[in-house]
Amino acid sequence: MPTIRLHNSKTRRKEVFEPLKRNDVRIYVCGPTVYDRAHLGNARPVVVFDTLYRLLRHVYGADHVTYVRNFTDVDDKINATALARRQAGASGTLEELIAQRTEETIGWYHADMDALGALRPTHEPRATAYIGPMVAMIQSLIDKGHAYAREGHVLFRVRSYAAYGALSGRSVDDMIAGARVEVAPFKEDPMDFVLWKPSDAETPGWESPWGRGRPGWHIECSAMSYELLGPSFDIHGGGIDLQFPHHENEIAQSCCAHPQAGFATVWMHNEMLQVEGKKMSKSLGNFFTVRDLLDQGVPGEVIRFVFLGTHYGKPMDWTAEKAAGAAGVLRRWRDLAAEYDISPAEPYAEVVAALSNDLNTSKAITFLHKQYNELRQRRNAAFHFHMSEGKLGDLSRNSEEVDRFVSSAKLLGLLEEGLSDWWLDGADTPTDGLIAWVESMLLARAEAKVSRDYAKADEIRARLANMGIMVSDGKDGQSWVVDYSNPNLGNWSKN
RNA sequence: GGCGGGUUGGCGGAGAGGUUACGCAGCGGAUUGCAAAUCCGUGAAGAUCGGUUCGAUUCCGAUACCCGCCUCCA
C-alpha cells in the first residue's frame with residue numbers, strides 16, 4: 001500500500017496520512033451555496049478533491065471512503081433571487097420559490113460537475129435538512145459557555161476558545177486591530193460571529209429557542225460533518241479563501257461542542273484560480289461559468305486536464321491557449337486508446353506514487369506523457385511489422401500496457417467512457433441525408449484524384465470544409481468528421 | 001497595515017544539493033499530388049542581490065514584482 005503524504009494547512013507541513021479508521025476514510029469538503037451556476041473557480045476544489053477521493057478509493061478500497069460535500073441552500077442571495085421572482089410575478093409562496101431556485105441550481109451543479117468527470121460524493125447534505133442538529137449544537141455551545149444569545153441572535157464567544165486563529169495563523173488581537181467590519185452593538189467582542197440570526201416575514205426561518213430564525217453559515221458545516229462523519233474525521237478540504245473565517249470558525253464551533261474529539265485531522269486548501277493572469281471578476285469581464293465553457297465547446301475533460309496540470313496548492317491560471325493544448329493531448333491519448341479493447345488494469349505505480357505525494361497531478365500527467373510516447377512508438381512498430389507481414393490490425397501484444405495507461409488516466413478522472421463523446425463528433429450523429437450527400441461529394445473527389453485533377457479535388461475539400469465537414473486523406477482513402485459548431489452546416493442540402 | 005502563496009526556457013509546468021524533466025508552440029527532416037494527421041530529430045531556463053557549500057535553479061536572508069485572505073466569493 002502506497003504511503004500517502006498530504007500538506008496539512010493546520011501544521012503547514014507535509015505529513016504522512018494515517019486515517020483514524022482504515023476501513024472508513026472520511027473526508028468533508030465545503031460545497032457550493034446554491035444561488036447560481038458554478039463559475040470556473042468553483043470547479044477547482046471539485047476537481048482537486050475528486051482526484052483525492054479517487055486516490056483514496058484506489059488505496060483503501062472504494063467501499064472504505066466516505067466523502068461528504070454539502071449544499072448550502074439557506075442564504076441571503078437565494079432569498080433575494082426568490083424575492084425578485086415573486087416581484088416579477090412568479091406564483092407560489094416565498095418558500096416554494098426558494099425551493100425551486102435551490103432545486104434548479106443543484107441540478108445545474110450536478111450536470112456541470114458530472115461533465116468535469118467528478119464523481120458524486122457519498123453524501124451531499126442540504127443545510128435545510130440539518131436545522132435540528134444545528135440548533136442542538138448551538139444550544140450545546142451556549143450551555144458550555146462558548147456562545148450567548150442577544151436580541152434574537154446567538155453569537156460565538158471567540159475569546160472562550162484559546163486556539164482561535166491557529167489554522168489561519170492570526171491572533172484575535174491582530175484581527176481586531178485590522179478589522180474594517182462594522183461591529184454590531186450586541187456583540188461582546190468584535191470578532192464574535194453569528195451562529196443563529198432572526199428572520200423576518202420575507203426571509204425563510206425555523207423555530208428555535210431564540211425565536212424564529214436561520215443558521216449562520218459556519219455552523220452548517222460543523223453540524224453536517226458531525227452528523228455524517230462524527231466528531232473526529234480525517235480530511236477537511238476547501239478553497240484557501242475559506243480558511244478564514246469559515247474554517248477557523250468551524251474549528252472553534254466543533255472543537256468547543258465536542259472538546260474530547262479532534263475534528264478534522266488534516267486540512268487541505270486549494271489555491272485560487274485566475275483567468276488570463278487576473279482574478280476572475282465581473283468587473284474585469286473575465287467572469288464565466290463552467291456551463292459557459294461547455295457551451296462554447298470546451299469539453300469538461302479538457303477543463304479537468306488543464307486544472308490537473310497545476311498543483312492544487314499553487315495559484316492556477318486558466319487560459320484559452322492551455323485549453324487548446326489540453327484538447328490536443330487528450331485527443332491523441334484517446335486516438336491511441338481507441339485502437340484497443342481496453343479492460344481494467346492496475347494503474348502505473350509511478351502515477352499512484354505521484355498522486356500519493358500530496359496529489360502531484362502534474363507529475364502524474366508527465367509520467368503519462370512519457371508512457372504515451374513509448375506506447376505510441378511500440379504501436380507504430382507493431383503496425384509496420386504487421387503491414388509488412390500483410391496483415392492488419394493485430395496489435396493485441398500491446399493491449400495490456402495500454403490498459404494500464406488508460407486505467408492510470410482514469411485514476412485522474414481522464415479518459416472515462418462517459419466523457420468520450422467530445423473528441424469524436426460531439427453528441428450528435430449525422431443524418432442519413434447528410435451522409436449520403438457527403439459520400440457523393442467524396443466519390444466525386446476520389447474520381448478527380450484518380451484522374452489527377454487535383455484542383456477539383458481541393459475545391460471539393462474546401463467546399464466541404466467551409467460547411468464543417470473536415471476531410472482527410474489516409475491510407476484507406478478519405479475520412480471525414482463533422483464540426484457541429486459550424487454555422488454553415490445546415491446549408492448542405494442547398495448545394 | 002496584518003497574515004499567507006507565488007516568481008523556472010516563447011508559453012505552461014515538475015522533481016532533485018552535483019545527472020536530458022515533461023508537455024505545447026517553434027525549427028529541421030520523413031510521409032503526402034497538396035493539406036491534415038502521424039513519425040524522427042532539435043535549440044532554449046531558473047526575478048534580483050547576498051550568504052552557506054567543493055558545488056545551488058534546488059538550502060538561508062534581503063529586495064522587487066504578482067496574487068489571495070483579513071467583507072458569509074472555492
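Letters go in sequence order (proteins before strands), and every chain restarts at 1. Computed from a prediction, not measured in an experiment: that's the story for all the values here. Values reported hereafter were calculated over all heavy atoms of this structure, with side chains retained and with hydrogens, waters and symmetry mates removed.
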Spacing between [X] atom [atom1] and [N] atom [atom2], to the nearest angstrom:
X: A:K449; N: B:A35; atom1: NZ; atom2: C1'; answer: 10 Å
X: A:R44; N: B:A74; atom1: CZ; atom2: P; answer: 15 Å
X: A:Q274; N: B:G13; atom1: CD; atom2: P; answer: 10 Å
X: A:W318; N: B:G12; atom1: CH2; atom2: P; answer: 15 Å
X: A:Q478; N: B:C34; atom1: CD; atom2: C1'; answer: 13 Å
X: A:I365; N: B:C24; atom1: CD1; atom2: P; answer: 13 Å
X: A:M113; N: B:A74; atom1: CE; atom2: C1'; answer: 10 Å
X: A:D241; N: B:G5; atom1: CG; atom2: P; answer: 16 Å

With sequence neighbours excluded, what pairs up with [X] under the salt bridge (charged side-chain N to carboxylate O under 4.0 Å, His left out) test?
X: A:D50; value: A:R54, A:R304
X: A:K322; value: none
X: A:K363; value: none
X: A:D292; value: none

Between A:R101 and A:D36, is the closest basic N to carboxylate O distance under 4.0 Å?
-> yes

Salt bridge check: are A:D335 and A:R332 linked by an N-O gap of less than 4.0 Å?
-> no

Determine the Euclidean distance between corresponding [atom1] atoms of [M] and [N]; express it in Å to zero decimal places.
N: B:A74; M: B:G55; atom1: C1'; answer: 44 Å
N: B:G61; M: B:G4; atom1: P; answer: 13 Å
N: B:G6; M: B:U58; atom1: P; answer: 14 Å
N: B:A44; M: B:U20; atom1: P; answer: 13 Å
N: B:U31; M: B:A36; atom1: C1'; answer: 12 Å
N: B:C11; M: B:U7; atom1: P; answer: 15 Å
N: B:A62; M: B:G2; atom1: P; answer: 14 Å
N: B:A37; M: B:C24; atom1: P; answer: 12 Å

Taking only residues two or more places apart in sequence or in another chain, which ones pass side-chain contact (heavy atoms from CB on, under 4.5 Å) with A:A457?
-> A:R445, A:A448, A:K449

Partner set under side-chain contact (heavy atoms from CB on, under 4.5 Å) for A:Y35, not counting sequence neighbours | A:T33, A:K77, A:I78

Does A:D317 get its side chain close enough to the base of B:G12, under 3.5 Å, for a donor-acceptor pair?
-> no

Are A:V450 and A:E447 close enough that some pair of their side-chain heavy atoms sits under 4.5 Å apart?
-> no

Just the atom pairs and distances: protein N or O near nucleotides 38-40 of chain B's N or O, under 3.5 Å.
{"unit_1": "B:C40", "atom_1": "OP1", "unit_2": "A:Q377", "atom_2": "NE2", "d": "2.7"}

So, is [X] close to the [N] phosphate, meaning a side-chain N or O under 4.0 Å from OP1 or OP2?
X: A:K77; N: B:C73; answer: yes
X: A:N42; N: B:C73; answer: no
X: A:K314; N: B:U7; answer: yes

Hey, what's the ring geometry for A:W333 with A:H369, parallel, tilted or perpendicular (30° and 60° as the breaks)?
-> perpendicular

Mapping A:S472 and A:H39 onto RNA chain B by nearest heavy atom, which one lands closer to the 5' end?
-> A:S472

With nearest nucleotides of RNA chain B determined for A:L242 and A:R452 from heavy-atom distances, which residue corresponds to the more 5′ nucleotide?
-> A:R452

For a quick check of understanding: with a heavy-atom distance under 4.0 Å over all strands, which category does [X] fall into, base, sugar-phosphate or nothing?
X: A:D75; result: nothing
X: A:H311; result: sugar-phosphate
X: A:G238; result: sugar-phosphate

About how many Å separate OH of A:Y53 and CD1 of A:I27, when rounded to the nearest 0.5 Å?
-> 9.5 Å

Find every protein N or O atom lying less than 3.5 Å from an N or O atom of nucleotides 16-21 of chain B, and list the pairs.
{"unit_1": "B:A21", "atom_1": "N1", "unit_2": "A:T366", "atom_2": "OG1", "d": "3.3"}

Please collect all salt bridge (charged side-chain N to carboxylate O under 4.0 Å, His left out) contacts where either partner lies in residues 348-362 of chain A, sequence neighbours excluded, each pair once.
-> none

For RNA chain B, which consecutive runs of 3 or more Watson-Crick or G-U pairs (each distance under 3.5 Å) count as stems?
-> B:1-7 with B:64-70, B:10-12 with B:22-24, B:26-30 with B:38-42, B:47-51 with B:59-63

For A:Y109, enumerate each residue passing the ring pair (Phe, Tyr, Trp, His ring centres under 6.0 Å) test, keeping only those at least two apart in sequence or located in another chain.
-> A:F71

Out of B:A74, B:A35, B:G5, minimum distance to the side chain of A:R461 belongs to B:A35

Can you sort out the partners of A:K10 under side chain to side chain donor-acceptor pair (under 3.5 Å), two or more places apart, ordered by chain and number?
-> none

